[in-house]
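Beneath this line is the structure, given in structure tokens, with notes to follow.
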Amino acid sequence: MSYMLPHLHSGWAVDQAILAEQDRVVMIRFGHDWDPECMAQDECLFSVADKVSNMAVVYLVDITEVPDFNKMYELYDPCTIMFFYRNKHMMIDLGTGNNNKINWALTDKEDMITIIEIIFSGARKGKGLVISHKDFSTKYKY
């Protein structure tokens with residue numbers, strides 16, 4: 001479903017997307033369109049994009065085509081989602097230890113919508129770090 005979501009093809013386009021949006025959260029999925037993990041993530045993002053269109057806008061960035069942010073944001077995982085609001089990086093505590101980004105394929109639509117709502121409401125209140133509704137750490141899976 002990645003072909004249905006807008007792609008950003010340069011570092012300048014990514015910067016402009018983050019700078020231009022003043023009312024909504026900018027979600028950027030960094031990864032590759034051909035990666036199976038990213039395909040699953042893109043399908044989830046596409047299915048929720050319309051439902052959260054008043055709160056968030058979704059963009060896709062190929063990390064090979066646009067390597068400008070790989071070191072700055074430590075984009076070493078196959079699929080990474082980052083959030084920005086009014087040119088500020090939004091952090092979310094998911095219980096994984098990495099508050100900067102979601103670095104796995106989150107394919108549950110309800111969880112994705114809830115995370116977007118939490119980030120949007122926290123961003124509107126001026127918070128830079130919000131706490132997730134659910135603990136996504138692996139400590140309960142064993």
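We're numbering straight along the sequence, starting at 1. Hydrogens, waters and symmetry mates play no part in the numbers below; they use all other heavy atoms, side chains included.
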Any donor-acceptor N/O pair, K101 side chain to E74 backbone, under 3.5 Å: yes

Note: with side-chain heavy atoms under 4.5 Å as the link, the other cluster members for W34 come out as none

Is it the case that one hydrophobic cluster holds both L45 and M55, taking links as side-chain heavy atoms less than 4.5 Å apart, direct or via other members? yes

Quick one: do L106 and M91 end up in the same hydrophobic cluster if we chain Ile, Leu, Val, Met, Phe, Trp and Tyr together by side-chain heavy atoms under 4.5 Å apart? no

Would you compute the distance between atom OG1 of T107 and atom CG of D42 and round it to the nearest 0.5 angstrom? 12.0 Å

Rounded to the nearest 0.5 Å, the NE2 atom of H32 sits from the CD atom of E37 at a distance of 12.5 Å

Return yes when atom CG of D50 has more than 12 non-hydrogen atoms of other residues, nucleotides or ligands closer than 6.0 Å, and no otherwise. no

Pairwise side-chain contact, I116 with V25, heavy-atom cut-off 4.5 Å (strictly under): no

How long is the straight-line distance from NE2 of H9 back to CG of L60, given to the nearest 0.5 Å? 9.5 Å

Is there a side-chain contact between F120 and V130, using heavy atoms and a 4.5 Å cut-off? no

Between Y85 and E21, is any pair of side-chain heavy atoms under 4.5 Å apart? no

Less than 4.5 Å apart, any side-chain heavy atom of I92 and any of I131? no

How far does NE2 of H89 sit from CG of L129, to the nearest 0.5 angstrom? 10.0 Å

Indicate the atoms forming the closest heavy-atom contact of R86 with Q22, along with that distance. NE-O, 2.8 Å

What heavy-atom pair brings V58 and P6 nearest, and what distance separates the two atoms? O-CG, 3.3 Å

Check whether any side-chain heavy atom of R29 sits under 4.5 Å from a side-chain heavy atom of C38, and report yes or no. yes

CD1 of I118 to OG of S132: how many Å apart, nearest 0.5 Å? 5.0 Å

Could you tell me if the side chain of M112 sits less than 4.5 Å from the side chain of Q41, heavy atoms only? yes

Shortest non-hydrogen contact from A56 toward M27: CB-SD, 4.1 Å

Straight-line distance of I81 CD1 to N103 CG, nearest 0.5 Å: 10.0 Å

Could you walk me through whether D35 and M39 pass the side chain to side chain contact (heavy atoms under 4.5 Å, CB included) test, one step at a time? CA-CA 6 Å; D35 187 275; M39 287 181 192; over 6 Å; no

Any luck finding a side-chain donor-acceptor pair between T96 and N98 under 3.5 Å? no

So which atom in S47 and which in C44 form the shortest heavy-atom distance, rounded to 0.1 Å? OG-O, 2.8 Å

Taking all atoms of both residues into account, what is the closest heavy-atom pair of D23 and R124, and its distance? O-NH1, 4.3 Å

Closer than 3.5 angstrom, by distance alone: can the side chain of D62 be matched with the main-chain N or O of T64 as a donor-acceptor pair? yes

Determine whether H7 and D33 make a side-chain contact, defined as any pair of heavy atoms from C-beta on separated by less than 4.5 Å. yes

Among Ile, Leu, Val, Met, Phe, Trp and Tyr joined by side-chain contacts under 4.5 Å, find the other residues sharing a cluster with V26 and list them by chain and number. L8, V14, I18, I28, F30, V57, Y59, V61, I63, V66, F69, M72, Y73, L75, M82, F84

When you compare the side chains of D111 and H133, does any donor N or O come within less than 3.5 Å of an acceptor on the partner? yes

Check: K125 side chain, S121 main-chain N or O, donor-acceptor pair, under 3.5 Å: no

Closest heavy-atom pair and its distance - S53, R24: O-NH1, 2.8 Å

Does some side-chain heavy atom of T80 sit less than 4.5 Å from a side-chain heavy atom of I102? no

Between D135 and L94, does the side chain to side chain contact (heavy atoms under 4.5 Å, CB included) criterion hold? Intermediate values first, please. CA-CA 6 Å; D135 186 1; L94 298 160; over 6 Å; no

Who else is in W12's hydrophobic cluster (ILVMFWY, side-chain heavy atoms under 4.5 Å, direct or via others)? none

